[in-house]
J.: 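The structure's right below; bear with me while I get my questions together.
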Amino acid sequence: MLKYKPAIIRGNASEISALAGGEGGSGVDSTLDSSEVVDTVKQLAVRLDAVVAVSGQVDYLCDPAGRATSVEGGDARMPQVTGTGCSLGALSAGFCAVTDPFTAARAAHAAFAAAGQRAGARTTGTGSFAVAFVDELSAL
Ligand SMILES: Nc1ncnc2c1ncn2[C@@H]1O[C@H](COP(=O)(O)OP(=O)(O)OP(=O)(O)O)[C@@H](O)[C@H]1O
Ligand SMILES: Cc1ncsc1CCO
């Protein structure tokens, strides 16, 4: 996939670690915390000449020029909802159509953090959270 020079590469901590040659996770789930791969995110952004973003309780994003930011928010149930990470990638790609990759990735992560936080504040279970999250995302 790298030969197509992706503008943004995103993953959970284990996926980012595996991309850099380190340990992977358990299926699509991460066994690492995003804070453990911050240096890896920075190094990959330079090596792959792409924006690299890792998701977790705190998201960390870097671009090849050394710009870096973190995004907090969301809800602890987000990693329990299958497809959250994939849809975060889709939103990042969509935003790339209208702005630069770093701004696009940051905006997508911020939107997920806000929608997750709002959905989390008004639901108790995982199923109702998943539905509320999509509702909040579409209402932003
Ligand atoms: N503990 C958490 N607290 C708050 N938000 C979280 C937490 N874990 C993940 N998120 C958020 O969930 C979204 C998806 O990140 P996650 O790391 O779960 O992706 P993923 O593991 O690739 O997902 P997928 O289930 O699609 O494979 C991001 O917006 C991230 O900020
Ligand atoms: C592609 C895919 N298949 C099962 S989980 C998963 C990741 C969704 O983000």
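Both ligands and their constituent atoms are indexed starting at 1 by order of listing. By convention here, the first residue in the shown sequence is residue 1.
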J.: Using non-hydrogen atoms of the residue, decide whether G56 is closer than 4.0 angstrom to ligand 1.
T.: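 Within the 4.0 Å threshold, so yes.
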
J.: What atoms of ligand 1 come closer than 4.0 angstrom to any heavy atom of T84?
T.: 13 (C), 14 (C), 26 (O)

J.: More than 12 heavy atoms of other residues, nucleotides or ligands under 6.0 Å from CZ of R118: yes or no?
T.: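 No - once you tally the heavy atoms of other residues, nucleotides and ligands closer than 6.0 Å, there are 12 at most.
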
J.: Within the structure, does G85 bring an N/O atom to less than 3.5 angstrom of an N/O atom in ligand 1?
T.: yes

J.: Quick one: which ligand 1 atoms are inside 4.0 Å of a heavy atom on M78?
T.: 5 (N), 10 (N), 11 (C), 12 (O), 13 (C), 29 (O)

J.: Any non-hydrogen atom of A113 lying under 4.0 Å from ligand 1?
T.: no

J.: Ignoring angles and geometry beyond distance, decide whether S55 reaches within less than 3.5 Å of ligand 1 through its nitrogen or oxygen atoms.
T.: yes

J.: Below 4.5 Å, heavy atoms only, C-beta onward: do T123 and D75 meet side chain to side chain?
T.: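 T123 does not reach D75 side chain to side chain.
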
J.: Can you confirm whether V52 sits close enough to L61 that some side-chain heavy atom of one is under 4.5 Å from a side-chain heavy atom of the other?
T.: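 A side-chain contact is absent here, since even the closest heavy-atom pair is not under 4.5 Å.
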
J.: Hey, what do you get for CZ (F129) to OG1 (T84), rounding to the nearest 0.5 Å?
T.: 7.5 Å

J.: Going by the order shown, which atoms of ligand 1 are within less than 4.0 Å of some heavy atom of G83?
T.: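 Ligand 1 atoms under the 4.0 Å threshold to G83: 25 (O), 26 (O).
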
J.: Within a distance under 4.0 Å of any heavy atom of C86, pick out the atoms of ligand 1 and give their elements.
T.: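 Result: 26 (O).
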
J.: Would you say S30 touches ligand 1, if touching means a heavy atom closer than 4.0 Å?
T.: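 Judged by the 4.0 Å heavy-atom criterion, S30 does not count as contacting ligand 1.
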
J.: Against heavy atoms of D75, which atoms of ligand 1 measure under 4.0 Å?
T.: 2 (C), 3 (N), 4 (C), 5 (N), 6 (C), 7 (C)

J.: Looking only at atom types and distance, does a side-chain atom of S17 sit under 3.5 Å from a main-chain N or O of A13, one as donor and one as acceptor?
T.: no

J.: At under 4.0 Å between heavy atoms, which part of L88 makes contact with ligand 1: side chain, backbone, both or neither?
T.: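 L88 to ligand 1: side-chain contact only, backbone stays beyond 4.0 Å.
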
J.: Would you please name every residue forming a salt bridge (Lys or Arg N to Asp or Glu O under 4.0 Å) with D100, sequence neighbours left out?
T.: R67

J.: So, the side chain of S34 versus the backbone of V58: is there a donor-acceptor pair under 3.5 Å, distance only?
T.: yes

J.: Side chains of N12 and S14 only: does a donor on one sit below 3.5 Å from an acceptor on the other?
T.: no

J.: Measure the shortest side-chain to side-chain distance between Q80 and D29 over non-hydrogen atoms and say whether it is less than 4.5 angstrom.
T.: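 Contact flag for Q80/D29 side chains = no.
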
J.: Give the minimum heavy-atom separation between S30 and L32, together with the two atoms involved.
T.: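 Shortest heavy-atom contact: OG-O, 2.9 Å.
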
J.: Using heavy atoms and a 4.0 Å limit, tell me yes or no: is G73 in contact with ligand 1?
T.: yes

J.: In terms of atom number and element, which parts of ligand 1 are under 4.0 angstrom from non-hydrogen atoms of A76?
T.: 1 (N), 2 (C), 3 (N)

J.: Under a 4.0 Å heavy-atom limit, does R77 contact ligand 1 with its side chain, its backbone, both, or neither?
T.: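 Neither; nothing of R77 gets under 4.0 Å from ligand 1.
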
J.: Give me each pair satisfying salt bridge (charged side-chain N to carboxylate O under 4.0 Å, His left out) with a member in residues 4-27, each pair once, sequence neighbours excluded.
T.: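 As it turns out, there is no salt bridge (charged side-chain N to carboxylate O under 4.0 Å, His left out) pair with a partner in residues 4-27 once direct neighbours are skipped.
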
J.: Quick check: does G74 get an N/O under 3.5 Å from an N/O on ligand 1?
T.: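 For ligand 1, there is no N or O atom that lies under 3.5 Å from one belonging to G74.
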
J.: When you measure from the side chain of E136 to the backbone of F133, do you find a donor-acceptor pair of N or O atoms at a distance under 3.5 Å?
T.: no

J.: Under 4.0 Å, heavy atoms only, figure out whether ligand 1 is touched by the backbone of D59, its side chain, both or neither.
T.: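 The part of D59 near ligand 1 is the side chain, not the backbone.
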
J.: Do any nitrogen or oxygen atoms of H109 come within less than 3.5 Å of a nitrogen or oxygen of ligand 1?
T.: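 No, H109 has no N/O under 3.5 Å of an N/O on ligand 1.
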
J.: Going by the atom numbers of ligand 1, which of them fall below 4.0 Å from some non-hydrogen atom of F112?
T.: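 Under 4.0 Å from F112, ligand 1 has these atoms: 29 (O).
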
J.: Distance under 4.0 Å to a non-hydrogen atom of E15: what atoms of ligand 1 satisfy this?
T.: 22 (O)

